[in-house]
Amino acid sequence: MCRLETRNLHHRFPDGTEALRGVTIAFEPGSFTVLAGANGSGKTVFARHLNGLYRPTEGEVLLDGRSIFDDLSAARQAVGLVFQNAESQFVGQTVAQDTAFGPENLNLPAAEVARRVEESLRTVGLWERRDTPPHSLSGGQRRRAAIAGVLAMNPRVVLFDEPFSGLDYSGVRQVLEQLVRMRERGTTIIVISHQLDKLLAHADRLVLFHQGAVVADGSPQDVAPCLERHDVRNPLSGGLRLEQLSWLCCGEDSRHG
C-alpha cells in the first residue's frame with residue numbers, strides 16, 4: 001500500500017509570489033485523480049512537490065505517514081513522474097537502454113534489470129521496438145517509452161503532467177490506454193491536464209485548483225459544474241454523461257498504433 005498526502009502545503013517563490021496556499025490532499029492507493037485548473041492556478045507547482053522536486057515553504061508531503069524528505073531517493077522510486085515533454089526524459093541510445101537507466105542506477109543485478117525492462121516494454125507495447133532510438137518513435141510511442149522508463153522503477157504512484165500534449169488521436173488513445181491499465185494493476189494515478197474530456201470517464205476524482213488553493217474536490221460529476229467559474233471548460237456541459245466521454249472501447253487494443 002502507498003498513501004501519498006500533503007498537509008497544509010504552502011509554496012512561496014523568491015519574488016514573493018504565493019503559488020500554493022494551505023493545500024491538504026490525500027491520494028488513496030489505487031485511485032485515479034485528475035488535477036485541473038487554469039494556467040497559474042498552482043496545480044503544476046503542487047505536483048512538483050509530490051516527489052520532492054520542490055520543497056514547501058510550509059507544510060509537508062507524506063508517503064505512508066513519513067516525510068518524503070526522510071528518504072528522498074526512496075520517495076522518488078515510489079512516486080514516478082512522466083513529464084509533458086517525453087524527450088526530456090530520454091537518456092539511452094535505444095528504447096531498451098533508456099528503460100534500463102533507472103533500474104541500473106538502483107544497482108540492481110543485471111538479470112533483474114533485464115526482467116524489468118522486458119516487463120515494462122511489453123506492458124506499453126514497445127518490446128518489439130526495444131532496439132529503436134527513442135527519438136525516432138512517433139509521438140504516442142515516445143510518451144509510452146517515457147512511461148516504460150518510469151514503470152521499470154516499480155513506482156506505486158505515477159504522476160503525469162499534460163500526457164496528451166501534442167498528440168494526435170492515435171497517440172492520445174495509446175497513452176490513455178496505458179493510464180487505465182496501470183490503474184487496473186493497482187497503481188495510483190495522478191494526472192494534470194487541461195484536456196478533461198479525455199480523462200473524466202476514467203477518473204474517480206477531480207481536484208480543481210484556483211489561485212494556489214483547492215476550491216473543489218470530489219467525483220468528476222460533482223466537481224464539473226464548478227469548472228467554468230474558474231476558467232476551465234466543462235466537458236459535461238450540454239447534458240453529456242461521463243460515459244459518453246470515454247475514448248476507449250471495450251475489446252479494442254490500440255497499443256501498436
Has the side chain of Ser67 got a donor or acceptor atom that lies under 3.5 Å from a matching backbone atom of Phe69?
-> yes
Would one find more than 12 heavy atoms of other residues, nucleotides or ligands at under 6.0 Å from atom CZ of Phe83?
-> yes
Which atom names give the shortest non-hydrogen contact between Leu50 and Ile68, and what distance separates them?
-> O-CD1, 4.0 Å
Mind checking whether Asn8 and Glu58 have side chains closer than 4.5 Å, heavy atoms only?
-> yes
Using atom types as modelled and distance alone, determine if a side-chain donor or acceptor of Lys43 lies under 3.5 Å from a backbone N or O of Leu35.
-> no
Look only at the side chain of Arg142 and the backbone of Leu137, and say whether a donor-acceptor pair between them is shorter than 3.5 Å.
-> yes
To the nearest 0.5 angstrom, please state how far the CD atom of Glu28 sits from the CD atom of Glu5.
-> 8.5 Å
Which heavy atom of Leu63 sits nearest a heavy atom of Ala78, and at what distance?
-> CD2-CB, 3.7 Å
Interatomic distance, OG1@Thr44 vs CG@Asp161, rounded to 0.5 Å, equals 5.0 Å
Between the main-chain N or O of Gly30 and the side-chain N or O of Thr188, is there a donor-acceptor pair closer than 3.5 Å?
-> yes
With Val150, the side-chain contact (heavy atoms from CB on, under 4.5 Å) member among Val79, Leu81, Val158 = Val158
Using the salt bridge (Lys or Arg N to Asp or Glu O under 4.0 Å) rule, take Arg122 and Glu119 through it: C-alpha gap first, then chi angles, then the decisive distance, then the call.
-> CA-CA 5 Å; Arg122 288 193 183 279; Glu119 179 181 350; over 6 Å; no
Say whether, by atom type as modelled, one donor and one acceptor occur between the side chain of Arg143 and the main chain of Ser165 under 3.5 angstrom.
-> yes
Intermediate values then yes/no, side-chain contact (heavy atoms from CB on, under 4.5 Å), Leu4 and Ile25 = CA-CA 8 Å; Leu4 180 65; Ile25 301 180; over 6 Å; no
Measure the shortest side-chain to side-chain distance between Thr123 and Arg185 over non-hydrogen atoms and say whether it is less than 4.5 angstrom.
-> yes
Answer with yes or no whether the hydrophobic clustering places Val34 together with Val223; edges join I, L, V, M, F, W, Y residues whose side-chain heavy atoms lie under 4.5 Å apart.
-> yes
Residue pair Leu227 / Asn234: nearest heavy atoms and the distance that separates them | CD1-CA, 3.9 Å
Flag the pair Val191 / Pro163 as yes when at least one side-chain heavy-atom distance between them is below 4.5 Å, and no otherwise.
-> yes
Give the ring-plane orientation class for Phe46 versus Phe27, where under 30° counts as parallel, over 60° as perpendicular and anything between as tilted.
-> tilted
Which atom of Val124 lies closest to which atom of Gln178, heavy atoms considered = CA-OE1, 3.5 Å
Do His49 and Leu9 have side-chain heavy atoms sitting under 4.5 Å apart?
-> yes
Is a side-chain N or O of Thr33 found less than 3.5 angstrom from the main chain of Arg205, in a donor-acceptor match?
-> no
Name all residues meeting the side chain to side chain contact (heavy atoms under 4.5 Å, CB included) criterion together with Ser120; count only those two or more places apart in sequence or in a different chain, and write none if there are none.
-> Thr99, Ala148, Leu151, Ala152
Okay, side chain of His10, backbone of Gly22: is any donor-acceptor separation there less than 3.5 Å?
-> yes
Trp127 reachable from Val175 in the ILVMFWY side-chain graph, under 4.5 Å edges | yes
Side chains of Val215 and Phe209: closer than 4.5 Å at any heavy-atom pair?
-> no
Could you tell me which non-hydrogen atom of Ala47 sits nearest to which non-hydrogen atom of Ile192, and how far apart they are?
-> CB-CD1, 3.3 Å
Aromatic ring pairing His210/His230, orientation class (parallel under 30°, perpendicular over 60°, tilted between) = tilted
Test log, rule salt bridge (Lys or Arg N to Asp or Glu O under 4.0 Å), inputs Arg173 and Glu177 = CA-CA 6 Å; Arg173 286 284 306 273; Glu177 182 181 67; 6.0 Å; no
Side-chain donor/acceptor of Arg21 to backbone N/O of Gly212, under 3.5 Å = no
Does any N or O in the side chain of His11 come within less than 3.5 Å of the main-chain N or O of Arg55, such that one atom is a donor and the other an acceptor?
-> yes
Flag the pair His202 / Ile189 as yes when at least one side-chain heavy-atom distance between them is below 4.5 Å, and no otherwise.
-> no
Give the cluster check for Leu62 versus Val157: same hydrophobic cluster or not, with ILVMFWY residues linked at side-chain heavy-atom distances below 4.5 Å.
-> no
Rounded to the nearest 0.5 Å, what separation is found between the CG atom of Asp71 and the CD atom of Gln77?
-> 8.0 Å
Does one hydrophobic cluster hold both Val91 and Leu53, with members joined at side-chain heavy-atom distances below 4.5 Å?
-> no
Salt bridge (Lys or Arg N to Asp or Glu O under 4.0 Å) partners of Arg130, counting only residues at least two apart = none
Measure the CG-CZ distance between Asp64 and Arg156 for me, rounded to the nearest 0.5 Å.
-> 5.5 Å
Enter the distance from Phe164:CZ to Leu179:CG here, rounded to the nearest 0.5 Å.
-> 6.0 Å
Please report the C-alpha distance between His135 and Phe90 in whole Å, then the side-chain angles of each, then the deciding distance to 0.1 Å, and finally whether the ring-ring contact (aromatic ring centres under 6.0 Å, His included) criterion is met.
-> CA-CA 8 Å; His135 293 282; Phe90 294 143; 5.4 Å; yes
d(Lys198 NZ, Leu245 CG) to nearest 0.5 Å is 10.5 Å
Give the C-alpha distance, both sets of side-chain angles, the deciding distance and a yes or no for salt bridge (Lys or Arg N to Asp or Glu O under 4.0 Å) between Glu228 and Arg233.
-> CA-CA 6 Å; Glu228 293 188 354; Arg233 189 179 71 83; over 6 Å; no
Take Asp168 and Ser170 through the test side-chain hydrogen bond (donor to acceptor under 3.5 Å, both in side chains) and record every step on the way to the result.
-> CA-CA 6 Å; Asp168 60 13; Ser170 176; 4.7 Å; no
Check: Leu167 and Gln174 side chains under 4.5 Å, non-hydrogen atoms = no
Side-chain touch Asn51/Leu159, heavy atoms, less than 4.5 angstrom = no
Any pair with a residue in residues 96-108 that passes salt bridge (charged side-chain N to carboxylate O under 4.0 Å, His left out), sequence neighbours left out, goes on the list, sorted by first then second residue, please.
-> none
Hey, does the side chain of Arg3 reach the backbone of Ala26 with a donor-acceptor pair shorter than 3.5 angstrom?
-> no
When hydrophobic residues are tied together by side-chain contacts of less than 4.5 Å, even through go-betweens, does Val172 share a cluster with Met182?
-> yes
Closest heavy-atom pair and its distance - Gln141, Leu126 | O-CD1, 3.5 Å
